[in-house]
Amino acid sequence: MSHSSHAASMPAGAAAHGHEHHTSLGIPNHKLATWLFIASESMFFAALITTYMVFRYRSVVGPHPDEVVNIPLTTVSTFILLMSSLTMALGVSAAQRGESKAVGRFLLFTILGGIGFLVIQFYEWWHLAHHYGLTWNTNIFGSIFYILTGFHKAHVIFGMIWLAVLAVSAFRGTLRREHAVHVDVAGLYWHFVDVVWIVIFTVVFLLTEAGV
Amino acid sequence: MCSVKSAMWRGLILGGLLLAFLPSQAAMAAPQYWLDPAGPVAEMQGRLFLLTLWIMIGIFVTVSGVLVYTLVRFRAKGAAAAGSAPGGAAARRESAAAGEQDLPPQIEGSHKLELVWTLIPFLLLIVIAIPTVRYSFALAADPEGDPIKVRVVGHQWWWEFQYPELGIVTGNEMRIPVGRPVELVIESDDVIHKFWVPKLAGKMDAIPGRVNRMWFQADEPGVYYGQCAEMCGTHHANMRLRVVALPPAEFEQWADNWGRGPVVTSEAERQAVERGRQVFETRACFGCHSIEGTAARGVAGPNLTDIGLRTTLAAGILENTPENLARWIDDPQSVKPGALMPRVGLTDSELNDVVAYLRSLR
Amino acid sequence: MATTTLERSFWQALPKPRARTGFWSWVTTVDHKRIGILYFWTALAFFLIGGVEALLIRLQLARPEQDLVAPDLFNQLFTMHATTMIFLAIMPLTAAFFNYFIPLLVGARDVAFPKLNALSYWMFLAGGIFLNSSWVLGGPSDAGWFGYPNYSLSEFNPGLGVDFWIIGLLLAGIGTLVSGFNFIVTILNMRAPGMSLMRMPMFAWATLVTSFLIVFSFPVITVALLLLLFDRVFGTVFFDVFSGADLTLYHHLFWVFGHPEVYIIVLPAMGIVSEVLPVFSRKPLFGYSVMVFSTMLIGFVGFGVWSHHLFTVGMGPVVNTIFSLATMIIAVPTGIKMFNWIGTLFGGRLRFTAAMLYSLGFLALFLIGGLTGVMLSAAPSNTQIHHTYFVVGHFHYVMIGGALFSLMSALHYWGPKMFGRMLDERLGKVAFWTLFVGFNLTFFPMNILGVMGMPRRIYTYSAGMGWDGLNATSTLGALIMAVSILITLYNLVTSLRNGERAPADPWDGRTLEWAIPSPAPEYNFARLPNVSSRDELWVRKHPQLAEGAAVAASAESDGPAEPIAMPGGSYMPLLVSLGLFIAGYGLLYSMPVFVGGIVLSLLGLIGWGFEGDNMRIIQPGGEQ
Amino acid sequence: MGERAMDRAHAGHAHAGTREYLKVGVMLFVLTVVEVAVIYLEALRPVLAPVLVGLSAWKFLLVASVFMHLKYDSRVYSGFFAVGVVLAILIALAVTAILA
Ligand code: HEA
Ligand code: HEA
Ligand code: CUA
Ligand SMILES: [Cu+2]
């Protein structure tokens with residue numbers, strides 16, 4: 001998952017010339033693959049969100065979604081995640097300018113944002129379990145709520161590990177301008193996780209609170 | 001390449017023979033052959049099937065005809081054909097060389113042709129699509145006339161039929177009046193099953209947590225076979241059913257008599273039946289089975305109120321004879337290993353009495 | 001590249017695979033050709049296992065009321081037969097040809113991500129072994145290849161069979177997804193100079209569209225399987241009816257994947273046929289651009305028809321008719337392909353090699369399978385033929401008559417390039433005819449059995465249903481098929497030992513793979529070709545065919561002959577999949593083992609990142 | 001598609017500046033506040049669902065086009081992402097509608 005995995009799996013033909021410039025579409029293999037991965041992940045989350053939409057009010061016993069969503073708290077965590085996307089974008093931009101130390105700083109902010117998001121989210125889980133007795137075994141809403149937000153959290157955690165590896169290189173000063181694409185690719189992943197949250201926030205929280 | 005041609009013909013002839021089989025005597029005698037329908041629903045479905053069948057046969061004959069013609073007409077001759085012979089590299093090189101003078105016109109395509117073979121299939125599909133839409137809606141509409149309601153419940157591995165209007169419950173054998181539509185409400189008690197009586201109508205799923213509806217009607221008296229069509233466990237293959245279509249008067253009679261108690265013809269029989277009833281109501285049986293008018297109120301197994309009338313036992317796998325009944329009650333697990341009825345362990349005399357009792361319930 | 005000296009010193013101290021031949025060279029290989037060959041033999045082995053399962057099914061059904069196979073075992077047999085054939089035999093066989101030939105066809109030195117490619121193979125192997133290990137660990141799943149809940153929940157299916165099935169599919173699925181990404185990037189981004197998209201061989205197009213189907217459909221089955229797994233292992237209640245679940249949600253998720261899946265199986269087959277027919281007709285593919293377009297259309301529409309498997313779940317007439325009509329539409333682009341293939345043959349100089357015969361077999365049999373598919377798509381009559389042997393007949397016609405026949409064609413056509421030896425033509429033809437006859441004897445009667453009312457998945461039936469003769473015929477046919485498979489195996493084994501050495505271009509081929517020696521050298525092309533037309537090699541052989549202003553293709557314009565850097569092997573892909581494989585067992589038996597497995601594969605990933613690319617410089621031997 | 005994408009990729013090495021990123025950050029903040037605010041506006045009840053979907057789509061597009069640079073990068077990426085997202089939405093809506 002580090003930046004050098006790029007070199008490791010670089011196409012043989014391109015490797016002969018030392019760079020990826022000679023791809024047929026003129027875009028790096030890595031970035032193309034990442035976008036395909038993101039497109040594929042869209043289907044993954046769509047299937048989970050569909051499950052949520054179909055099941056949300058089918059539970060025989062409560063608590064039901066409208067009884068438990070916590071808009072203020074979730075709004076704060078959403079905001080934190082959105083801002084971590086901003087720092088991520090600034091980090092990529094710094095990487096493209098070759099400012100290694102700045103990259104490290106922005107990545108650190110991004111990771112901190114991720115941590116903030118997770119702390120609030122896990123607190124919310126704890127709160128739901130302890131105050132409403134909602135676990136993933138309680139009812140169908142509980143099952144899909146924890147699985148959907150859980151898979152999202154897993155993505156956040158994975159992204160943080162990835163960014164951490166990059167941040168270490170950045171602070172060491174070894175993340176030079178020609179490696180910007182590695183930061184770029186990690187950033188795409190991070191933004192995607194953010195975008196998924198934008199959808200989850202609307203579907204699971206806002207629409208529920210709005211009574212739709 | 002004669003073998004190609006002859007094989008194609010052989011294939012066509014074989015296919016033709018098999019298709020000719022469809023309306024044959026053997027097929028008609030098959031109890032689940034649904035192209036010989038017994039009611040309007042199956043009739044409509046069969047008609048649509050035949051329409052698609054003839055169109056497909058037409059397409060198949062045309063396309064394979066052109067294919068065979070092409071294969072025969074354009075097979076490589078002379079040296080060029082050598083490429084296909086197991087003659088080794090030399091022959092292949094020779095064929096490639098010969099090919100230079102023998103290069104066919106290198107046609108890349110033809111828009112006109114392509115338009116044709118886009119449009120023709122499209123038109124054929126419209127011919128199928130129109131009745132598909134019409135029949136779909138027609139069959140989903142409520143039946144005309146004065147329908148009788150039956151609630152079908154699938155169980156591992158037997159069928160329950162409830163007649164809410166008549167207060168009747170029975171198992172594995174549904175009695176219906178001829179000429180009257182039957183409105184079915186289909187549910188399941190455990191896993192997904194699929195209700196199917198081919199000569200009367202296509203399938204409908206019995207899904208736990210859902211209620212599905214369909215209807216059918218039998219135009220002729222008779223016994224119609226059916227079976228579960230969704231994988232539901234060990235005895236999915238042995239989850240069969242019969243629909244017995246009776247003339248209306250006979251149906252009325254059955255409905256009136258249902259639950260009137262045992263029918264006996266002699267005093268000895270009466271005593272045996274009485275003993276059998278006691279066994280049934282004291283041993284495990286009553287916990288799982290219901291018999292109208294008795295203390296037996298169990299619901300884990302089929303309602304046995306009219307078991308003496310049924311043609312089959314254990315969801316259509318045994319003929320309903322005294323011997324088979326005894327065999328089943330004595331050791332259901334040897335007949336249908338894994339079935340959800342345990343071996344109760346009756347003595348021989350208890351067994352005989354219970355059989356007599358159950359036989360008398362008609 | 002960007003690794004610091006510290007990192008480097010640690011990771012570089014790790015052993016690097018050095019072997020160029022022998023066992024370890026295969027285990028650590030990242031060469032697409034070797035991976036293709038690994039796929040080939042592994043998939044073949046699984047095909048035999050799936051075939052033996054099929055034979056047992058057929059023997060049990062040969063006569064009414066047989067008790068050769070107990071009911072539960074029968075249910076396990078058809079479940080594993082289908083799962084094995086689809087996920088472990090046919091798909092990996094197509095993957096074998098993707099692997100070996102896509103880089104050759106588009107003029108590349110390897111796939112875009114060689115190490116990921118190795119990972120795909122090992123994940124497939126891990127999934128396959130995991131699934132089949134359930135035979136000795138308490139018995140496999142008996143819930144059918146789509147594993148509908150609630151029958152597949154612990155309540156009705158205690159034991160670990162379904163868990164093995166889920167985890168096995170998830171493991172193999174990772175491999176499939178990864179290769180989906182890999183081939184899309186390879187095809188879009190690794191083409192030789194001049195190889196524009198519309199100059200690519202049809203097989204490359206088929207692979208591209210198939211890979212997209214994989215990328216978009218596999219995540220959905222992943223979700224379906226995960227929900228099921230969580231219900232079984234962690235007690236969530238997604239499919240608990242008493243909690244209010246709607247079981248048909250799983251139906252929908254499964255078939256949103258399941259229908260594209262059947263095109264994942266057949267599109268590569270169509271690609272193969274589109275390569276073979278032109279070669280043995282000595283004519284270009286008829287209507288190339290329309291073929292490309294219809295491939296894309298099939299892939300696209302294929303995502304909108306899934307509910308034609310669900311006409312009897314009670315969706316109502318509106319939804320039913322929408323899906324009926326959408327399904328029928330697919331016949332149009334497929335028909336276009338069928339007619340274009342015949343157009344390719346028309347006017348050609350047809351050579352009936354074994355490869356050609358199998359491709360022609362595809363045309364005839366896929367036609368029947370496709371037409372029965374359209375019959376199935378009409379919702380009202382579907383309720384009669386649905387879940388009967390008519391469906392079993394339909395899908396074996398498309399999957400064997402379609403996919404397997406074309407894979408056989410590929411074996412005879414491309415085998416010489418892969419193995420460097422010619423297969424015996426006479427044996428090939430004998431095997432073809434045996435398979436053709438056996439196949440029709442096995443599966444045509446099934447179409448009639450469906451009309452006679454025989455449901456699928458039944459382990460027994462009574463005499464007197466009118467099914468006896470047809471079932472007996474079908475079993476006989478299956479035995480004849482087995483004979484044919486044995487002939488092919490014999491042919492393969494003996495030819496690879498003693499067969500005539502394959503020349504570079506044994507069939508007078510049209511595409512780039514025939515421009516290089518057989519078997520292909522490690523670096524594929526000593527000089528990267530400069531492509532100036534479709535059927536590049538054909539035009540180079542027949543310069544008079546180059547039209548108008550187009551510069552005649554020639555070797556002169558090819559890339560320079562220079563030393564080539566190729567990636568060396570790696571242990572890491574194996575390590576990553578081994579870790580996940582172990583974690584799979586851990587999930588079922590012991591949490592510490594699960595954690596250990598995950599840690600192992602994470603270590604593999606990190607090593608993967610830091611080990612560097614182990615490049616080797618090769619001096620092409622001047623073969624060209 | 002190939003040739004066109006190549007042009008864009010070569011021409012389009014320009015990317016968003018810090019200022020644009022900050023602008024988008026502010027927009028995201030504002031939109032989130034608006035989202036939360038509108039749920040409590042009685043007057044908007046009847047049109048709330050489309051409004052909320054619209055607002056979140058807006059955020060989605062902002063992140064995708066600027067932070068993920070789809071606006072500046074090769075159109076190939078946008079194409080793939082769009083296909084994935086559109087397919088996902090269509091299938092999600094269809095399944096939800098069928099099962100509603
Ligand atoms: C390789 C795999 C493959 C392929 C290619 C297809 C292709 C098609 N399939 Fe099939 N199908 C399966 C594999 C496949 N299928 C499997 C595995 C199942 C069962 C799953 C299970 O339940 O276990 C199944 C089940 C299945 C069903 C559900 C059956 C049921 O359970 O009730 C339906 C219903 O619509 C269907 C339809 C079609 C159609 C319309 C096509 C079309 O794509 C076919 C198009 C081709 C042609 C039509 C022939 C060529 C065209 C012409 C010559 C033009 C002229 C033709 C006309 C105008 C009609 N299939
Ligand atoms: C691509 C997929 C594929 C392939 C290739 C096959 C191949 C075969 N299938 Fe299969 N089949 C399915 C996919 C496939 N099937 C699916 C999806 C189902 C649905 C399952 C479900 O309902 O869930 C199914 C179900 C199915 C059934 C229905 C079961 C039921 O509903 O009860 C039957 C019945 O006859 C059957 C038969 C066969 C036969 C005879 C072959 C033959 O073609 C096999 C030919 C191969 C051989 C004959 C092997 C030869 C081996 C040897 C000669 C041994 C050599 C041994 C050594 C060297 C060690 N299949
Ligand atoms: Cu009930 Cu099969
Ligand atoms: Cu389908």
Side-chain angles (χ1 to χ4, degrees), chain A residues 1-16 18 20 22-30 32-33 36-37 39-48 50-51 54-55 57-61 136-140 142-144 146-147 151 165 169 172 174-176 178-179 182, chain C residues 1-4 108-116 177 180-182 184-186 188-191 195 215-220 222-224 226-227 230-231 234-238 240 242-246 249 253 256 523 528 562-567 570 605-606 608-613 615:
Chain A
M1 278 309 106
S2 96
H3 42 280
S4 61
S5 69
H6 168 233
S9 44
M10 199 149 73
E20 278 196 321
H22 297 282
T23 61
S24 315
L25 296 181
I27 52 186
N29 284 345
H30 253 65
L32 185 53
L36 289 167
F37 176 68
S40 179
E41 288 263 78
S42 308
M43 291 297 285
F44 179 85
F45 279 105
L48 283 172
T50 306
T51 307
V54 171
F55 279 167
Y57 282 117
R58 287 188 68 100
S59 304
V60 174
V61 295
W136 67 6
N137 304 325
T138 310
N139 59 22
I140 308 193
S143 293
I144 183 57
Y146 284 104
I147 297 284
F151 271 109
V165 174
S169 298
R172 286 224 184 99
T174 54
L175 200 66
R176 282 182 300 272
E178 60 265 34
H179 308 128
H182 305 305
Chain C
M1 266 173 128
T3 43
T4 66
R109 292 244 153 86
D110 205 322
V111 293
F113 306 103
K115 273 207 241 175
L116 279 182
L177 256 173
F181 301 132
N182 211 342
I184 295 177
V185 177
T186 306
L188 289 181
N189 235 5
M190 306 283 293
R191 283 164 285 139
M195 174 68 80
V215 162
F216 290 129
S217 70
F218 266 68
V220 183
T222 305
V223 168
L226 284 173
L227 298 184
F230 275 85
D231 265 16
F234 301 111
T236 52
V237 293
F238 289 108
D240 177 38
F242 297 105
S243 301
D246 186 339
L249 175 77
L253 291 182
V256 164
Y523 44 82
L528 276 182
E562 55 183 13
I564 298 163
M566 297 297 295
S570 167
L605 269 184
I606 295 173
W608 181 317
F610 286 110
E611 69 176 350
D613 33 7
M615 282 290 181

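Per chain, numbering begins at 1; letters A, B, ... match sequence-line order. Quick note: numbers below take in every heavy atom, side chains included, and nothing from hydrogens, waters or symmetry partners.
Of the atoms belonging to C:Ala108, not a single heavy atom falls under 4.5 Å from chain A. For a residue to count as touching a neighbouring chain, one of its non-hydrogen atoms must lie under 4.5 Å from one of that chain's; by this rule C:Phe242 touches chain A with the backbone only. Neither the backbone nor the side chain of A:Val61 comes within less than 4.5 Å of any heavy atom of chain C. In this structure, the portions of A:Phe37 lying under 4.5 Å from any heavy atom of chain C include both its backbone and its side chain. Only the side chain of C:Phe230 comes within contact range of chain A, with at least one heavy atom under 4.5 Å from a heavy atom of that chain. The contact between A:Asn139 and chain C is made entirely by backbone atoms, counting heavy-atom distances below 4.5 Å.
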* Determine, step by step, whether C:Asp231 and C:Thr236 satisfy the side chain to side chain donor-acceptor pair (under 3.5 Å) criterion, reporting the C-alpha distance in whole Å, the side-chain angles of both residues, the deciding distance to 0.1 Å, and the verdict. => CA-CA 4 Å; C:Asp231 265 16; C:Thr236 52; 2.6 Å; yes

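The CG atom of A:Leu48 lies 6.5 Å from the CZ atom of A:Phe151; values are rounded to the nearest 0.5 Å.
Here the closest heavy-atom approach between residue C:Val237 and residue C:Ser243 is recorded as CB-OG, 3.8 Å. Scanning all heavy atoms of the two residues, the minimum distance from A:Ile27 to C:Asn189 falls at O-ND2, 2.8 Å. C:Phe113 and A:His30 make their closest contact through CE2-ND1, 3.6 Å (heavy atoms, listed as atom of the first residue, atom of the second, distance).
Options C:Pro219, C:Gly235, C:Ser570, C:Ala224 differ in how many heavy-atom pairs under 4.5 Å they form with chain A, and the most are formed by C:Pro219.
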